[in-house]
2 protein chains.
Amino acid sequence: MRTQRGASLTYGLLETLGQSIVIGDFDKNGFPTEAELCIRFGASRTVAREAVKMLTAKGLLSARPRQGTKVEPIAHWNLLDPDVTRWLMERQYSNKIYREFTEVRLAIEPVAAALAAQRANKAEIRAIRDGLNGMRNELHDHDAALAADIDFHVAILKASGNPFFLQLRALINTALRISIGLTNKIAGHTASIPAHEAVLVAIENGDAVGAEKAMRAILLESLELLASFQPETAH
Amino acid sequence: MRTQRGASLTYGLLETLGQSIVIGDFDKNGFPTEAELCIRFGASRTVAREAVKMLTAKGLLSARPRQGTKVEPIAHWNLLDPDVTRWLMERQYSNKIYREFTEVRLAIEPVAAALAAQRANKAEIRAIRDGLNGMRNELHDHDAALAADIDFHVAILKASGNPFFLQLRALINTALRISIGLTNKIAGHTASIPAHEAVLVAIENGDAVGAEKAMRAILLESLELLASFQPETAH
DNA sequence: TACATAAATTTGTAAGATAAAATAGCTCGT
DNA sequence: ACGAGCTATTTTATCTTACAAATTTATGTA
């Protein structure tokens with residue numbers, strides 16, 4: 001999931017701080033000063049500063065001399081940054097964030113499917129079909145089925161030919177993990193296979209409108225299924 | 001435009017390197033080593049390292065001992081990062097990137113408008129209307145009209161209630177600047193005002209479907225107008 | 001009080017030294 | 001010639017110390 005990038009001290013602190021910020025650990029007392037960071041996390045100033053700089057680059061922090069380092073309001077966070085998305089997932093689940101994720105998917109994925117129907121080449125279609133077949137073949141293995149499901153959706157983003165759409169793979173990854181984790185307990189995963197197949201067929205036929213509708217149907221159903229079974233939890 | 005954050009040496013180098021990477025300056029000879037960076041840009045190692053770390057956080061670079069620092073393939077860049085978006089804009093214009101930007105807008109903004117129609121409160125609707133009125137009142141001043149146009153679209157993203165949509169404001173900002181710069185030379189800016197008004201009216205009436213269609217019409221027209229007048233330039 | 005000045009706090013920058021990782025090259029035994 | 005293992009080299013990673021700059025707070029003086 002996470003890019004290779006070694007488990008260095010800096011990246012370790014980046015993870016720790018990123019998760020803590022997203023959870024809201026610093027909302028009460030404010031973000032620690034450099035010196036405090038070094039003490040509380042046993043880090044050198046170099047490591048502390050570079051981790052803070054990376055979090056600044058992701059919009060989570062801002063720092064100024066004398067004034068200190070502070071957590072930016074969530075409106076300033078780069079929410080589509082893969083790390084930020086993952087940190088959001090790793091904190092306690094909430095229906096709100098799941099709904100927001102799905103609204104984004106509901107905007108992007110149908111359009112991506114429509115573009116894929118117009119542009120996908122054979123290799124890209126094969127990748128999409130491989131994802132679908134993976135879902136079919138792994139009915140008992142939840143993890144494998146989830147991976148195949150993700151592959152299916154990411155393959156469509158790729159086939160859209162628009163690199164910006166592909167930026168949402170981390171978000172889709174996250175949303176699907178949440179979704180599968182819950183829907184598995186309800187109706188199982190197999191129900192959505194025909195819906196996925198409809199998307200593939202439309203793309204194969206170059207049917208942009210059909211692909212768009214079929215993809216929208218998948219997401220709407222997922223959203224409704226979840227809303228009906230899961231009580232809204234505060235967060 | 002750019003967040004306040006001082007014109008420190010680190011941020012200056014971040015800008016310089018970010019632009020250079022996006023332009024492709026390091027594609028031939030590879031990215032400089034830390035020591036070379038310090039020499040070529042007159043920076044201390046501290047500054048060089050922190051700038052590189054921020055670019056790493058945005059997905060543009062990766063660094064490993066002995067192997068050096070290298071530019072990641074564009075598929076790895078955080079394209080929706082506001083800085084990256086801006087750097088993409090600041091390099092030479094190309095129809096390709098404009099089309100890609102508009103495809104993203106075509107996915108997000110109609111859905112945002114539909115959600116706004118369902119959820120917008122009075123203050124949010126007023127912000128949208130202020131944008132429209134700004135467009136009306138600044139027919140002669142291109143810069144002011146552009147700012148008002150941006151305000152209109154961003155106000156709708158806000159009114160959608162989904163913070164993830166708002167992440168695209170930098171991209172919309174960029175796309176509109178490109179668009180206006182070109183369409184002004186053609187048909188002027190005023191032609192789109194009725195189309196914008198249609199979006200506002202639909203949102204005021206709580207007409208989600210109408211808002212979605214009206215917004216899609218704006219973007220499609222902008223895309224077609226541009227495609228018909230601007231030859232495809234390589235990049 | 002008002003204004004200027006000094007002090008204190010926190011991040012920003014610089015520089016030097018050492019550690020760690022990863023590659024390249026070399027030695028040696030077979 | 002060949003491969004295992006050791007050595008050297010390159011480059012980033014980390015640590016430390018020192019000083020500069022920015023900004024707020026405190027102080028002192030007219």
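Just so it is clear: chains get the letters A, B, ... in the order the sequence lines come, proteins before strands, and each one is counted from 1.
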Generate the contact string for nucleotides 13-19 of chain C. Rules: B means base contact, S means sugar-phosphate contact only, - means no protein heavy atom under 4.0 Å.
BB--B--

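Remark: A:Thr69 is not in phosphate contact with C:dT10, judged by side-chain N or O atoms under 4.0 Å from OP1 or OP2. Within the 4.0 Å cut-off from OP1 or OP2 of C:dA8, not a single side-chain nitrogen or oxygen of A:Arg66 is found.
Side-chain N or O atoms of B:Glu36 include one that pairs as donor or acceptor with a backbone N or O of B:Thr33 at under 3.5 Å. Side-chain N or O atoms of A:Arg169 include one that pairs as donor or acceptor with a backbone N or O of A:Leu166 at under 3.5 Å. At least one donor-acceptor pair under 3.5 Å links the side chain of B:Asn137 to the backbone N or O of B:Asn133. In this structure, B:Glu15 contributes its side chain and B:Gly12 its backbone to no donor-acceptor pair below 3.5 Å. Formation of a donor-acceptor pair under 3.5 Å by the B:Asp81 side chain with backbone atoms of B:Lys58 is not found in this model.
The distance from atom CD of B:Gln67 to atom P of C:dA22 is 8 Å, rounded to the nearest whole Å. Summarising the geometry, the separation between CD on A:Glu34 and C1' on D:dT17 is reported as 14 Å, rounded to the nearest angstrom. Following rounding to the nearest Å, B:Phe31 (CZ) and D:dT12 (P) show an atom-to-atom distance of 10 Å. Rounded to whole Å, the distance from CD1 on A:Ile39 to C1' on D:dC15 is 16 Å. Atom CE in A:Met54 sits about 13 Å away from atom C1' in D:dT12, given to the nearest Å.
Each of B:Ala35 and A:Pro65 was assigned the nucleotide of DNA chain D with the nearest heavy atom; the assignment lying further toward the 5' end belongs to B:Ala35.
Between the side chains of A:Glu103 and B:Asn162, a donor-acceptor pair is found at a separation under 3.5 Å.
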